[in-house]
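Notes follow once the structure below has been shown.
This structure is a prediction, so every number in the text was calculated from the model and none was measured. A, B, ... follow the sequence lines: proteins, then strands. Residue 1 opens every chain.
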Number of protein chains: 2
Amino acid sequence: MGTPLPRDPIADAQRNWERHGWADVAAPMAAITAVMRTQQILLARIETALKPFGLTFARYELLALLSFARSGALPMNKASALLQVHPTSVTNAVDRLQEAGLVLRSPHPTDGRTTLIELTSEGRTLAKRATAVLNSEVFGQSGFEEQDVEQLIRILGNFRRNAGDFSG
Amino acid sequence: MGTPLPRDPIADAQRNWERHGWADVAAPMAAITAVMRTQQILLARIETALKPFGLTFARYELLALLSFARSGALPMNKASALLQVHPTSVTNAVDRLQEAGLVLRSPHPTDGRTTLIELTSEGRTLAKRATAVLNSEVFGQSGFEEQDVEQLIRILGNFRRNAGDFSG
DNA sequence: GCAATATACTAGGACATCCAAGGGTTTGGA
DNA sequence: TCCAAACCCTTGGATGTCCTAGTATATTGC
C-alpha cells in the first residue's frame, strides 16, 4: 500500500459515529471495521508468502486440510463444511489444484453423488513446504502480543460459536 | 451456511499444529484463522443488510466516507487511501455508484490528473438510510461483549499501526 | 415399487480485490 | 525552457466468493 496515514481512519469513523448520535453502536462499528481491515492485511501477507509456491490461501487451506486427514482424502462436501466456504468455492479450488497435479478427484466408493478429493504425493510435499514458510514468515511474525493472541482466540471463538459456526 | 459443526475447526487446526511440532506458532495461526473466518461472517451479515438498498459493503463504505466529507466530495486517490483499498477498486465502486446515480465524477479544479467523486442528493439520502439499517441490524447486534469490543479495538488498532496503516 | 424429497457437485453470472500496463498531467532538476 | 520522473486514473486479466439453477444419485414415504 501507500504511506501510513497520519491518523487512524477507523478511529476517525468512530468519532464521526459518535458525533452523529450513534454513540451506542460506534464502538462495535469500529471493532467490526477493524476486523475487516485486519483480515485484509493478513490475507495480503499470506498470499505473498504462498506466491512462490503457486498457491493462494484458498488452495493452501484445502491442501492443509487434506494433509491432516488420515487417508489424505475428503469428500467435497466435508471440505466445504470444514473450511466453511460455499461448495462452489471448493469446486473452484479443486479444479485448479487438480490442474497443478496436487490433488485428484475420485469417486466415492458407496455414494455415487459424492466426489473424494485426494492429495497426490506432490501435493503433500508442497503442503509441507508451504506450511513451513507460513509458519516462519506469517504466523511466527504476526505482530500480536502473546496475551492478545489468547484474547483474540477467546473473543473470536465466542463470536463464531454464537454465529452458529460450531456447537462445541 | 450449513448446520453448526460438532467441533470448532480452528481449535482442531491448532491441535494439529501442536501435534506436528509447530506449537510455537499454533496460537497465532489459530488467532489469524479466526480473524479470517470472523471477517467472512461479518461481511455476510453486512451484505445481507445492504442488499435491499442495492449496495455492497465496498460501495457503502465509499458513500459513507463521502457523506462525512465537509463538501461531500473527495479525490479518488484520497478515497483509496482512506478506505485502504487499491485505486482500481475505487474506480470499480465509483463506476457502479455513478450508474446508480448516487455519485458523480467531476474534474479537480486545479489538478488535471485528479478526479473528484461527488455525492448526489440521492446518494446522501441512501447513505443515511443504509447507515440506519446497518446500525440497528449489524453493529447493534454484533454479538461481541462490551468489554470484548474494547479489547478488539485496542488489539487490532495496535496491529494495524504496526502493519503501517497509520502513524498516529 | 415408485414418486417426492433431499443431497452432492458443477456451470454460469455478479462482485470485489489485486497486479501490470497504458495514457494524460504535473513537477522538478539540468 | 524542457524533458524525465512522479503521480493519477482506467483498462484488462487473474482469483476468490457467493447465488441460482441444473443434473445426477440417494433416501423416504405412501
(Q) On DNA chain C, compare the nucleotides closest to A:Lys51 and B:Phe57; which residue's is nearer the 5' end? (A) B:Phe57
Mind calculating the distance between [atom1] ([X]) and [atom2] ([N]) to the nearest angstrom?
| X | N | atom1 | atom2 | value |
| --- | --- | --- | --- | --- |
| A:Glu61 | D:dG16 | CD | C1' | 12 Å |
| A:Leu43 | C:dA16 | CG | P | 17 Å |
| B:Leu50 | D:dC18 | CG | P | 17 Å |
| B:His86 | D:dG13 | NE2 | C1' | 13 Å |
| A:Leu83 | D:dT17 | CG | P | 9 Å |
| B:Gln39 | D:dC18 | CD | P | 10 Å |
| A:Leu74 | C:dC9 | CG | P | 11 Å |
| A:Tyr60 | D:dG16 | OH | C1' | 18 Å |

Q | Heavy-atom closest pair, residues A:Leu63 and A:Gly123 | A | CD1-O, 4.2 Å
(Q) If you define the side chain from C-beta out and look only at heavy atoms, does anything of A:Asn92 sit under 4.5 Å from A:Thr88? (A) no
Q: Check each of B:Val35, B:Asn162, B:Ile32 against A:Ser142 using the side chain to side chain contact (heavy atoms under 4.5 Å, CB included) test, and report the only one that passes.
A: B:Ile32
Q) Do B:Asp95 and B:Arg59 sit within salt-bridge range, that is, some charged N less than 4.0 Å from a carboxylate O? A) no
Q) What's the verdict on side chain to side chain contact (heavy atoms under 4.5 Å, CB included) for B:Val85 and A:Gln40, showing C-alpha distance, side-chain angles and the deciding distance? A) CA-CA 9 Å; B:Val85 295; A:Gln40 188 181 22; 3.8 Å; yes
Q: For the side chain of B:Thr56, starting at C-beta, report the closest nucleotide among C:dC15, D:dG16, D:dT17.
A: C:dC15
Q: Give a yes/no on whether any side-chain N or O of B:Gln40 is located under 4.0 angstrom from OP1 or OP2 of D:dC18.
A: yes
Q) Does a side-chain N or O from A:Asn77 land closer than 4.0 Å to OP1 or OP2 of C:dT7, or not? A) no
Q) When you measure from every atom of DNA chain C, which of residues 87-116 of chain B have a heavy atom less than 4.0 Å away? A) B:Thr88, B:Ser89, B:Asn92, B:Arg96, B:Thr110, B:Asp111, B:Gly112, B:Arg113
Q.
Set out, in order, the CA-CA distance, both residues' side-chain angles and the distance that settles side chain to side chain contact (heavy atoms under 4.5 Å, CB included) for A:Leu55 and A:Leu102, then state yes or no.
A. CA-CA 10 Å; A:Leu55 290 176; A:Leu102 302 173; 4.0 Å; yes
Q: Would you please classify the geometry between the A:Phe144 ring and the B:Phe159 ring as parallel, tilted or perpendicular, with 30° and 60° separating the classes?
A: parallel
